[in-house]
Structure formats: C-alpha cells, structure tokens
Amino acid sequence: MKKFYGTFGLGHKEQGFIQPIIATDESEAHKLMFEKYGPKFAFIYDEEQFQQELKDGFHTDKEHFKPLIQEVV
C-alpha cells in the first residue's frame with residue numbers, strides 16, 4: 001500500500017484541507033476520492049510529489065483529514 005494525498009481547488013468547501021489516502025496505486029486512490037467527494041477535488045499526489053509540493057511552499061498551512069484507506073480483499 002502506498003500513501004497519496006488529495007487536494008481541493010478554489011471554491012471547494014474542503015479547500016483548506018488535504019485528504020491522505022492509503023491505496024495500492026494512484027487509480028485506486030482516485031476511486032476512493034471520487035467515492036467520497038464526487039468530482040469535487042483537484043489533484044492526487046503520490047508521496048514524492050507531495051513532498052515536493054511542500055518543499056515548494058504549497059499546502060503547508062492545510063489541515064489533514066483522517067486517511068481514506070482502500071479495503072483489500
């Protein structure tokens with residue numbers, strides 16, 4: 001399982017938050033975000049991409065929701 005991060009664009013009520021996601025791959029992370037928020041999110045980053053976003057000064061002031069976790073059967 002890998003960690004991903006979902007973000008929200010301007011105008012979304014969740015725009016001040018980050019949604020951590022634990023999933024097998026980015027496609028599954030996207031499915032979890034869509035199930036929870038519909039099309040009301042902006043981007044999904046993997047761990048490396050998100051760390052670069054933080055390093056570049058983005059998302060540093062946002063709170064994190066409780067992680068969405070993919071159920072594996």
Side-chain angles (χ1 to χ4, degrees):
M1 299 288 266
K2 298 176 184 175
K3 193 167 191 178
F4 298 90
Y5 299 87
T7 61
F8 303 92
L10 294 175
H12 295 170
K13 67 180 182 175
E14 296 91 356
Q15 76 184 38
F17 294 89
I18 298 294
Q19 177 63 70
I21 309 157
I22 307 298
T24 53
D25 57 35
E26 188 172 340
S27 177
E28 292 299 322
H30 191 275
K31 287 179 190 176
L32 288 171
M33 281 292 283
F34 195 84
E35 287 173 8
K36 173 107 179 159
Y37 301 104
K40 304 276 185 188
F41 64 94
F43 300 103
I44 294 178
Y45 299 96
D46 66 22
E47 184 75 39
E48 184 179 323
Q49 292 167 328
F50 190 71
Q51 291 305 315
Q52 185 62 50
E53 287 283 298
L54 294 175
K55 185 177 175 182
D56 291 342
F58 298 105
H59 313 298
T60 57
D61 60 339
K62 296 180 179 175
E63 294 183 50
H64 290 226
F65 286 129
K66 181 179 175 184
L68 298 176
I69 302 173
Q70 177 187 357
E71 292 184 31
V72 179
V73 288

Note: T24 and Q70 closest approach over all heavy atoms is N-OE1, 2.7 Å

Tightest non-hydrogen contact, residues Q49 and I44, listed as OE1-O, 4.2 Å

| query | Are F41 and F65 connected in a single hydrophobic cluster, I mean Ile/Leu/Val/Met/Phe/Trp/Tyr linked by side-chain heavy atoms less than 4.5 Å apart? | reply | yes

Scanning both residues in full, the closest heavy-atom pair of F34 with P39 reads CE1-N, 3.7 Å

Indicate every side-chain donor-acceptor pair of residues 9-22 with a distance under 3.5 Å to a residue at least two apart or in another chain.
unit_1	atom_1	unit_2	atom_2	d
H12	ND1	G9	N	3.1
H12	ND1	K40	O	3.4
Q15	OE1	G11	N	2.7
Q19	OE1	Y37	OH	2.6
Q19	NE2	K66	O	2.8

F43 atom CZ: more than 12 heavy-atom contacts under 6.0 Å: no

Apart from V73 itself, its cluster of hydrophobic side chains linked below 4.5 Å comprises none

Heavy-atom closest pair (A23 atom, L32 atom, distance to 0.1 Å) is CB-CD1, 4.4 Å

Taken to the nearest 0.5 Å, the spacing of E48 CD from K2 NZ works out to 11.0 Å

May I have the list of side-chain donor-acceptor pairs in residues 53-63 shorter than 3.5 Å, sequence neighbours left out?
unit_1	atom_1	unit_2	atom_2	d
E53	OE1	Y45	OH	3.4
E53	OE1	H59	NE2	3.1
D56	OD1	Q52	NE2	2.9
D56	OD2	Q52	NE2	3.4
H59	ND1	K62	NZ	3.1

Hits for ring pair (Phe, Tyr, Trp, His ring centres under 6.0 Å) against Y5, two or more places apart or cross-chain, chain-then-number order -> F50

Here the salt bridge (charged side-chain N to carboxylate O under 4.0 Å, His left out) pairs for residues 23-34, sequence neighbours left out, are E28-K31

